[in-house]
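The structure under discussion appears below in the form of structure tokens.
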Amino acid sequence: IPSEALAEMFTSHHVYLDGSKIQLALFERFARKMGEGCPIVREYLQRHLDGEFDLWREIRSSMDLQDEGARRDAAKRGMYAALYFSGAPNLYREICETYAGSASDRYSDEWPQGEQVEGFFDHPVVEEMLEVREALEDEVEDRDYIEDAFGIERSLNDFSDRSNPKRTMLSCLLQGHEMKLMQPLYEIADEERRGDRDDRFRIALYKYDGILLWMREGHKERVRRRWVTRMQEMFNEHADDVLTRLDVEKIGAES
């Protein structure tokens, strides 16, 4: 379900919670555990969590494009594509398509030129991440196996039918850690379902690094705050050394 369409379905009983920069934070932790440090990525993630800036807005400033909202969307999309090992030509295309598709009417006819988005690749976070990506691909090739988030040994042979086994394996490992990080939220929901009362809340939708909560009395601010706080505390405690947190992305309007 596209986020734009999903938002229109929210009522006062719904809250969308999102792991802040969770995929980049998991990349940093995974790289660190593989012996490849990302000190610049870690620094920027910490500054984002400290409220110094929004990381996507910080990265968008590296591009020479006029529409700020569309530029942020393009920076975010470019980072996600880079995280999952897209090559430079595809990154250019993703950034340009996202910007053109998100731009307001004033800039709707503006298709970015290569030199306008080149700064994206020069941003310290992007530059370091692309370097570490290459090192991780070499690590995958050198090791017989790598243990995933659930203790399963993964090797390149598991992905031999894919066009790029190294990238597919690394993507699988990262997404497994993302799912594991969200797991405690489902444990709370399961505990509620096993109780002897009607569900006071449910996880209505899972969207990779976020969840949509439905709360029976979510229209009451006190009730909503209680469940959201419990979810955030559980997530943040489980995140441990992953530089992320669970943010309230959107609260549904009165129906």
Side-chain angles (χ1 to χ4, degrees), residues 3 7 15-65 67-84 95 98 102 119-133 135-136 149 174-175 177-185 188 207-213 221 224-251:
S3 297
V15 174
Y16 185 67
L17 300 174
D18 176 71
S20 181
K21 313 302 179 280
I22 185 173
Q23 295 176 54
L24 182 59
L26 284 169
F27 176 90
E28 186 279 327
R29 201 269 301 265
F30 178 73
R32 189 161 21 99
K33 289 186 176 297
M34 293 284 286
E36 300 292 339
C38 298
I40 296 174
V41 172
R42 187 170 180 83
E43 175 198 345
Y44 274 77
L45 283 168
Q46 187 62 63
R47 291 168 68 185
H48 168 81
L49 291 179
D50 291 342
E52 187 174 332
F53 48 62
D54 172 83
L55 187 54
W56 300 149
R57 289 193 177 97
E58 159 60 27
I59 293 173
R60 82 179 180 187
S61 66
S62 63
M63 294 185 288
D64 184 23
L65 298 168
D67 188 309
E68 291 192 356
R71 188 161 40 132
R72 182 187 185 277
D73 291 343
K76 180 179 179 179
R77 181 59 197 152
M79 284 297 296
Y80 283 150
L83 270 168
Y84 290 106
I95 291 168
T98 302
S102 300
F120 173 85
F121 297 89
D122 296 328
H123 190 282
V125 169
V126 179
E127 198 170 45
E128 182 179 71
M129 188 184 66
L130 293 177
E131 290 176 1
V132 172
R133 258 183 26 172
L136 288 177
L174 283 174
Q175 289 170 337
H177 283 283
E178 181 180 66
M179 184 178 293
K180 182 83 177 283
L181 194 53
M182 303 297 288
Q183 181 177 328
L185 307 182
I188 296 175
K207 280 180 69 72
Y208 302 102
D209 58 358
I211 56 171
L212 176 64
L213 291 186
E221 184 179 355
R224 183 174 67 238
R225 185 166 58 246
R226 182 174 73 241
W227 284 113
V228 168
T229 299
R230 186 178 178 193
M231 288 285 188
Q232 289 176 317
E233 289 175 348
M234 179 66 78
F235 177 91
N236 295 343
E237 179 182 347
H238 188 67
D240 193 22
D241 64 340
V242 182
L243 291 175
T244 185
R245 64 171 176 245
L246 196 63
D247 286 340
V248 176
E249 184 74 14
K250 184 173 177 60
I251 298 174

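Atom set for the values below is all heavy atoms of this structure, side chains included, hydrogens, waters and symmetry mates excluded. Start at 1 with the first residue, then count along the sequence.
Between D241 and R32, at least one side-chain nitrogen of the basic residue sits less than 4.0 Å from a carboxylate oxygen of the acidic one, meeting the salt-bridge criterion. Classification of K21 and D247 as a salt-bridged pair fails, no side-chain N sitting under 4.0 Å from a carboxylate O.
Note that the CZ atom of F235 and the CD1 atom of I211 stand 9.5 Å from one another [nearest 0.5 Å]. Rounded to the nearest 0.5 angstrom, L185 CG and M234 CE are separated by 8.0 Å. With values rounded to the nearest 0.5 angstrom, L212 atom CG is found 12.0 Å from E249 atom CD. A distance of 14.5 Å separates OH in Y16 from CD1 in I251, rounded to the nearest 0.5 Å. Atom CE of M231 is separated from atom CE of M182 by 9.0 Å, given to the nearest 0.5 angstrom.
Residue-environment remark: OH (Y208) stays at or below the threshold of 12 foreign heavy atoms within 6.0 Å.
A donor-acceptor contact shorter than 3.5 Å links the side chain of S62 to the backbone of I59. Using modelled atom types, one side-chain atom of R60 and one backbone atom of E68 make a donor-acceptor pair closer than 3.5 Å. With hydrogens and angles ignored, the 3.5 Å screen pairs a side-chain donor or acceptor of Q232 with a backbone N or O of L246. Side chain of R71 to main chain of L65: a donor-acceptor pair is present (N/O by atom type, distance under 3.5 Å, no hydrogens or angles).
Under the 3.5 Å distance criterion, with hydrogens and angles disregarded, a donor-acceptor pair is assigned to the side chains of E58 and H123.
Proximity of E178 to Q23: side-chain heavy atoms (C-beta onward) are separated by under 4.5 Å at one or more points. The closest side-chain heavy-atom distance from V242 to H177 is not below 4.5 Å. Taking the side chain as every heavy atom from C-beta outward, V132 and F27 approach each other to under 4.5 Å. Counting heavy atoms from C-beta outward, F30 and E36 have side chains that stay 4.5 Å or more apart. Contact of the Y80 side chain with the T98 side chain is not registered, since no non-hydrogen atoms from C-beta on lie closer than 4.5 Å. With contacts defined as side-chain heavy-atom distances shorter than 4.5 Å, the pair V126/M79 qualifies.
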**OP:** Verify side-chain contact (heavy atoms from CB on, under 4.5 Å) between H48 and D54, making sure each step is shown before the conclusion.
**Re:** CA-CA 6 Å; H48 168 81; D54 172 83; 3.8 Å; yes

Subject >> Intermediate values then yes/no, side-chain contact (heavy atoms from CB on, under 4.5 Å), I95 and M63 >> reply: CA-CA 10 Å; I95 291 168; M63 294 185 288; 3.8 Å; yes

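Scanning both residues, L55 and L45, for their nearest heavy atoms gives CD2-CD2, 4.1 Å. Of all the heavy atoms in L49 and R245, the pair that sits closest is O-NH1, 2.9 Å.
Residue pairs meeting the salt bridge (charged side-chain N to carboxylate O under 4.0 Å, His left out) criterion with at least one member in residues 230-239, sequence neighbours excluded, are E191-R230.
Checked against T244 for a side chain to side chain contact (heavy atoms under 4.5 Å, CB included), the options L181, L26, L24 give a single hit: L181.
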What side-chain donor-acceptor pairs closer than 3.5 Å can you find for residues 37-44, not counting sequence neighbours?
from: R42; atom 1: NH1; to: E28; atom 2: OE1; distance (Å): 3.1
from: E43; atom 1: OE2; to: R47; atom 2: NH1; distance (Å): 3.2

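When the salt bridge (charged side-chain N to carboxylate O under 4.0 Å, His left out) test is applied to R133, no partner is found at least two apart in sequence or on another chain.
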